[in-house]
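Written below as structure tokens is the structure these notes are about.
When reading the values below, keep in mind they use all heavy atoms of this one structure, side chains included, and skip hydrogens, waters and symmetry mates.
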Amino acid sequence: QQAGENINVLPVVPQNVSDWQIKGDGYLQRQVEPTIAASTLNPDHLLAFFNDYRAVDIDDDSYVGEEQFQVASLAINAAEFMLAGIIPKLGIPVVQPPPVAAAEAWVGMSRSYDGGLTWAGGFLPGADFDNSPASLASPVWGLEAATDPVLAPAPCGYFYLVFVAFTRGGESKLAVARYQDLNNDEGGDTIEYLGTTVIEVGNNADNGHFLDKPDIEVDVWRGDGGPQECGHRVYVSYSTFVGLDKYGKFQSKLNFAKSEDLGLTYSTVKINKTWNQNQGSTIAIDPGVGAPGKYGGPGTIYVAWRHFFDPDAIIIRKSVDYGVSWANPVVVNNPPMVPFDQPTISTEATTPSNPDILAFRSNGFPTATVTSYLLDPNDPASRDATVFVAWQERTGPKGSPRIVLTRSDDDGATWSPSQVVDDVPIDKPYNAGVGGDWQTTGRGPQVMPKLSFGGGRLLLAYYESRGLFGLV
């Protein structure tokens, strides 16, 4: 496989275009933590969300967009003035500030109707700088920020976006927004926002009750009693932080939520049992056909998450009845985990004499998927499935993290010893896929893995920093 050219999902849109600040990224601000999905009605229709800093006005935000464009705008004005009467106007618009500025980042979005070649941006309704009817009607309107978006496609063109909206030091809400691609207008904007449902409300006070790191998956409706021909189940997992223990370590619940009415309402259950420092959950659905039962198949759901401190571990639980009841938690990492958890280092700590102490946050959270098929298409009892879980861990040279993988061939009961996925020795040449050149690996971390399965293939993506280039 060969990756294509990168395309910006928020292009710079000329100022003479209506809503140019919303459709594009005129100030070259930052977008992080992206999530993307294709419509189940038309694979050329794509929807993407991300933490979006376009609306944030940050003082002295030098050379990450804002000041760059102010300098560029002044240069363009000067050039137009000096060249006026010699050549026609350059036709480059003078950049003006957006009409409003948020206190924090919000969740931005963009959609494409040509397989990702061109894009038009927007924002998730509910931002306090957005006074549209959809935004004012959102149950998260009035909160200052939104983050942690995760998107899942569903039958009949539905999309579900789980996210956390909050006011720093105040209220937080774990919510799911609903979209649908009507796919009824060739060349038109057919993806519609349908509404938002709040699953849980918390409070972001220091060491208090707040919500974090959700995941979301959708399964086709299995069994009887589907709400309609487009019926499906929506599954959400997330953490609820509930304070500190007597040793100063955080305490948190791991929650599972389910909707069987197209995302309108959700039921929730706590699933962490006696594990009390939980974060970074991931959901994997068994795609098997046939009859459900204790050995998996339809209705089987796995939720894996990271447990911190005593011990550092990757935990998994299984349900075989659509999340109604859950088997006991199982530790999947073997041997014991050697965690790589890099905290955020604030930009305020970076000075000209210490330029290298800036770091992005990267914790050892798991990713999971399930491969499932029938050995005999006419015999539901011949179902064969394998559950895979991967995460980052300090197994490389001088403690550098590598992506490790484990598997279970007995529906999550026992797990293979975890192994490094790519253990190419240092200084051994390998094809990095950049222009076909051969690179030297060198030391560097591998972080943030993501597993998926489809079309008979197991896929694993992650950030790779060895060699001369940062790769995915």
Side-chain angles (χ1 to χ4, degrees), residues 29-33 49-61 64 66 98 100-108 123-131 135-150 161-177 196-214 236-255 257 268 270 276-281 306 308-309 341-350 358-363 365:
Q29 268 289 5
R30 291 147 291 180
Q31 290 85 40
V32 297
E33 300 185 21
F49 291 87
F50 32 82
N51 287 355
D52 195 347
Y53 291 80
R54 281 182 294 165
V56 178
D57 185 11
I58 305 174
D59 292 338
D60 302 322
D61 193 10
V64 290
E66 198 169 69
V100 292
E104 305 251 15
W106 194 256
V107 171
F123 281 96
L124 172 71
D128 60 3
F129 57 82
D130 179 0
N131 291 319
S135 184
L136 295 176
S138 171
V140 302
W141 189 87
L143 298 176
E144 293 180 352
T147 187
D148 290 347
V150 185
L161 179 81
V162 65
F163 65 99
V164 179
F166 65 94
T167 293
R168 199 170 296 276
E171 190 176 54
S172 64
K173 293 182 179 180
L174 191 288
V176 176
T196 296
T197 298
V198 172
I199 294 178
E200 185 175 340
V201 178
N203 188 295
N204 278 7
D206 289 345
N207 301 322
H209 181 94
F210 66 97
L211 314 167
D212 192 45
K213 292 297 292 179
V236 175
S237 63
Y238 62 98
S239 299
T240 303
F241 288 83
V242 293
L244 304 178
D245 66 11
K246 63 181 180 180
Y247 303 107
K249 297 178 180 179
F250 77 83
Q251 300 286 286
S252 64
K253 300 185 296 182
L254 202 289
N255 306 292
T268 61
K270 171 180 171 290
N276 295 321
Q277 290 96 31
N278 312 289
Q279 192 183 20
S281 60
R306 168 70 184 280
F308 287 81
F309 304 129
D341 298 311
Q342 179 172 271
T344 301
I345 299 177
S346 170
T347 54
E348 296 175 357
T350 304
L358 179 64
F360 66 89
R361 180 179 60 184
S362 179
N363 289 322
F365 296 141

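- Between V140 and L124, the closest side-chain pair of non-hydrogen atoms is not below 4.5 Å.
- The two atoms that bring V32 and Y53 nearest to each other are CG2-CE1, 4.2 Å, heavy atoms only.
- Summarising the geometry of K213 relative to D148, their closest heavy-atom pair is N-OD2, 3.3 Å, with the distance given to 0.1 Å.
- In this structure, CG in N276 is found 11.5 Å from NZ in K253, a value given to the nearest 0.5 Å.
- Of the possible polar contacts, none joining the S362 side chain to the Q342 backbone as a donor-acceptor pair under 3.5 Å is found.
- For the atom pair CD of E200 and NZ of K173, the computed distance is 12.5 Å after rounding to the nearest 0.5 Å.
- In this structure, F163 and N51 have side chains that are not in contact, with every pair of non-hydrogen atoms separated by 4.5 Å or more.
- Under the 3.5 Å distance criterion, the side-chain polar atoms of S135 are matched with a main-chain donor or acceptor of A127.
- Taking the six-membered ring where the residue is Trp, the centroids of F308 and F250 are separated by under 6.0 Å.
- In this structure, L136 and N131 approach most closely via the heavy-atom pair CD1-O, 3.5 Å.
- Rounded to the nearest 0.5 Å, atoms OG1 (T197) and CG (L174) are 11.5 Å apart.
- Within the 4.5 Å cutoff, no side-chain heavy atoms of E171 are placed close to those of N203.
- Contact detail for G108 and F123: the closest heavy-atom pair is CA-CD2, 4.0 Å.
- Q279 pairs by the side-chain hydrogen bond (donor to acceptor under 3.5 Å, both in side chains) definition with D212, not counting sequence neighbours.
- Of the inter-residue distances, the one linking D245 atom CG with Q277 atom CD reads 6.0 Å to the nearest 0.5 angstrom.
- Residues Y238 and I199 are in side-chain contact: their nearest non-hydrogen atoms beyond the backbone lie under 4.5 Å apart.
- Side chains of N278 and S239: a donor-acceptor N/O pair is absent below 3.5 angstrom, by distance only.
- Put simply, the side chain of F166 reaches to within 4.5 Å of the side chain of T147, judged on heavy atoms.
- In this structure, the side chain of W106 does not engage the main chain of D128 through any donor-acceptor pair within 3.5 Å.
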Go through the steps to decide whether T268 and N255 satisfy the test side-chain hydrogen bond (donor to acceptor under 3.5 Å, both in side chains), and finish with yes or no.
CA-CA 7 Å; T268 61; N255 306 292; over 6 Å; no
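- In this structure, the side chain of D52 engages the main chain of R54 through a donor-acceptor pair within 3.5 Å.
- Inter-residue side-chain proximity for P125 and T196 is flagged as unmet; no heavy-atom pair is nearer than 4.5 Å.
- Closest approach of P149 to L161, counting heavy atoms only: CB-CD1, 3.9 Å.
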